[in-house]
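Presented below is the structure to which this report refers.
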Amino acid sequence: MPETVIQVKNLGKKYILSHQDNRGTKTLRETITNSAKSLSHKLIKPSGKSAFNSNREEFWALKDVSFEIEQGECIGVIGRNGAGKSTLLKILSRITEPTKGQVSIQGRIASLLEVGTGFHPELSGRENIYLNGAILGMSKVEIKRKFDEIVAFAEIDKFLDTPVKRYSSGMYVRLAFAVAAHLEPEILIVDEVLAVGDSAFQKKCLGKMGDVATKEGRTVLFVSHSMQAIAQLTHRCILLSQGNVQFDGRTDKAVHLYLNSDKPPEEAAYYQAPPEKTGNHVAWMRVHTSDEGGVHFWGEPIVFEFALTIVQPHESLWFSFQVINELDQSVCIFWFDKSNAPFYRQSGTFILRCEIPKFRLYMGSYTLRTWFSQRRGSTLLENLRNVCSFEVSMYKREREEYEWERDECVYLEDAVWQVVESD
Amino acid sequence: MNNKPLKHPMPAKLTIEAGRTEKQYWQDLWRYRELFYFLSWRDILVRYKQTTIGIAWALIRPFLTMVVFTIVFGNLAKLPSGGIPYPILVFAAMLPWQFFANSLSECSNSLISNSNLISKVYFPRLIVPASAAIVSFVDFMISGMIMLGLMAWYNFVPDWRILTLPLFIAIAFAAAMGAGLWMAALNVEYRDFRYIVPFIVQFGLYISPVGFTSNIVPEQWRLLYSLNPMVGVIDGFRWAILGGSTEIYMPGFLLSLSLVVLVFITGIWYFRKMERTFADVI
């Protein structure tokens with residue numbers, strides 16, 4: 001029977017913003033002068049409430065946040081910058097106190113808000129493993145037991161006795177993550193640590209995190225801006241927005257909401273040329289996705305529209321576009337192939353529509369790259385990159401046996417399967 | 001990885017809310033004792049890395065200061081020493097003073113220099129200044145060896161009073177920690193204290209009886225002089241180490257002692273009070 005391990009009730013955290021001084025720390029002089037001023041203010045106008053605090057403003061980084069997490073769950077926390085994710089994690093890991101509300105936690109909690117916290121550059125790799133382990137809450141015996149495993153995971157055995165200040169940044173990060181990955185708390189809080197290292201190492205980290213959650217039955221709270229990592233690791237997400245829980249439920253729904261909330265609807269999957277553009281150019285383009293906000297469900301028809309402003313008609317004008325995935329690889333290319341179009345001879349603005357009856361690209365984020373050129377004389381008129389971003393989701397195409405995972409493939413073909421008994 | 005069930009029994013429920021309980025804090029302090037050990041170990045290890053003569057620095061600095069003080073106060077100013085070799089007289093005071101001065105500066109900077117830890121990991125913050133004080137204590141033990149060397153050199157044999165020395169060490173520790181906690185907590189919020197502390201340390205060396213005995217202070221001023229808590233500590237050290245003719249001025253010592261206790265207790269109180277906001281303001 002799953003047990004509730006984290007229970008958060010009406011959690012709130014207030015910060016005082018002082019407009020006079022942005023550095024965060026006060027100096028003694030300011031405090032003294034401020035208290036002197038407010039004292040004189042009270043003497044002059046004893047009844048009035050202190051109007052003096054006008055340069056201070058309350059800011060609720062979190063307000064009325066409530067949720068429960070059961071043992072063994074792997075939960076994603078997403079939200080824009082400033083939505084309160086880090087504050088939430090800081091409260092859960094007891095770095096800072098809430099202003100109101102209550103959190104009950106059952107089990108040993110370890111938080112990984114940054115890899116390599118407390119690494120000392122002068123100390124050797126070996127020494128830093130012990131130090132960092134202790135900081136993250138491991139006992140000396142535990143570190144000793146895991147020492148070889150950590151070294152093997154980090155692949156630094158040759159440099160164990162070199163001061164870490166001489167490490168390459170890759171080695172540093174590997175070592176830091178290796179220590180953290182071998183923590184054995186019942187609850188693990190991870191913030192954005194996977195945004196480091198090369199992609200092979202990121203993959204290794206993600207795999208390790210997945211193991212921690214699924215095989216070892218620990219509870220993991222995972223904060224990231226990478227929707228890919230979130231989708232891969234978690235089934236449930238808490239979407240924070242301006243200190244509130246905007247949504248709490250299935251990851252794909254939460255990611256969908258997050259991506260939609262991220263950009264105003266008219267901006268998604270749309271490009272508008274800047275007004276100073278001259279000559280033959282793309283005036284605007286739009287991707288008509290099956291769902292609003294630039295989200296397209298796999299297998300639905302999709303329409304790409306391009307408005308070309310033609311100032312100098314020419315019969316060798318050529319237009320094509322590519323769909324680019326997150327790894328900056330072109331997945332497909334489409335080109336305008338009509339032999340007679342009005343803009344070969346005529347100026348004006350013309351809209352090219354490109355419809356794909358069944359869009360089969362696998363889930364992920366895509367952008368467009370356009371090529372507008374004049375074949376004769378091989379002049380490239382305009383080359384737009386990273387425009388019209390849109391998202392493909394597998395939302396409507398459930399696969400019950402296994403959840404969809406990122407990077408399973410690039411595109412998904414219709415298939416007809418048959419079983420024939422062999423003789 | 002291992003699939004065996006978690007061997008830790010589910011610990012008691014932890015509740016986080018504004019103004020959490022005191023009891024939990026002291027339990028945590030115990031649970032994090034290994035971190036305490038590792039932080040001190042780190043600071044000691046780091047201290048003399050990439051130095052050629054390493055730990056010898058801990059001997060050279062107090063030794064040279066002692067030589068200078070002996071020449072200035074003993075040979076040039078010809079201050080009375082009561083028949084005790086002047087180097088020993090100076091060094092018996094130098095030990096607690098250096099310990100106090102070092103741990104005060106280390107404590108007051110400890111939170112700032114560990115700010116990355118404080119804003120990223122939870123542990124009872126009291127560990128940070130305490131481990132800084134421990135590091136100074138190690139230095140103190142090392143310079144204690146100079147004391148032994150001086151005693152051997154001058155054929156100076158202490159009497160039974162030396163056995164009371166741990167008591168005075170404890171008082172010195174309390175004085176250093178108490179002041180250090182105040183400074184550390186204040187430093188987090190008001191960086192002014194970064195400049196105040198070196199000043200206190202420099203100034204304190206001259207208003208404390210390090211280069212001279214407190215006997216040369218006129219009788220009517222002695223009680224006032226004992227308002228400096230280090231006067232009691234240093235007199236105590238001299239009394240315990242030098243033995244023989246040294247006398248302790250009781251009213252003054254008690255005054256210093258009670259001030260030390262006061263500073264120590266309020267230091268912990270203030271530190272605990274400010275601790276909750278460290279991560280937010282540091």
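Numbers restart at 1 for each chain; the letters A, B, ... are given by sequence-line order, proteins then strands.
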Among Asn116(B), Val46(B), Leu39(B), who wins on heavy-atom pairs under 4.5 Å with chain A? Val46(B)

Can you tell which of Glu275(B), Lys120(B), Arg125(B) has the highest number of heavy-atom pairs within less than 4.5 Å of chain A? Lys120(B)

Residue pair Asp28(B) / Arg94(A): nearest heavy atoms and the distance that separates them: OD2-NH1, 2.9 Å

Do Phe36(B) and Phe123(B) have ring centres separated by under 6.0 Å? no

Measuring heavy-atom distances to chain B, does Ser104(A) have an atom under 4.5 Å in its side chain, in its backbone, in both, or in neither? both

Checked Lys90(A), Lys100(A), Glu127(A), Glu122(A) vs chain B; the most non-hydrogen pairs under 4.5 Å come from Glu127(A)

Residue pair Phe278(B), Phe271(B): steps toward the ring pair (Phe, Tyr, Trp, His ring centres under 6.0 Å) verdict: CA-CA 10 Å; Phe278(B) 280 170; Phe271(B) 190 89; 5.3 Å; yes

Against chain B, label Ile109(A) side chain, backbone, both or neither, depending on which of its atoms sit under 4.5 Å from a heavy atom there. neither

Atom group of Lys9(A) that falls short of 4.5 Å from chain B, counting heavy atoms: neither

Please look at Ile118(B) and chain A and tell me whether the side chain, the backbone, both or neither of the residue comes under 4.5 angstrom of a heavy atom of that chain. backbone

May I ask you to say whether Lys140(A) pairs ionically with Glu34(B), meaning some side-chain N is under 4.0 Å from a carboxylate O? no

Will you find, in the side chains of Ser208(B) and Asn228(B), an N or O donor that is under 3.5 Å from an N or O acceptor? yes

Please flag which part of Ser93(A) lies under 4.5 Å from any non-hydrogen atom of chain B: side chain, backbone, both or neither. backbone

Tyr172(A) and Phe177(A) aromatic centres sub-6.0 Å: no

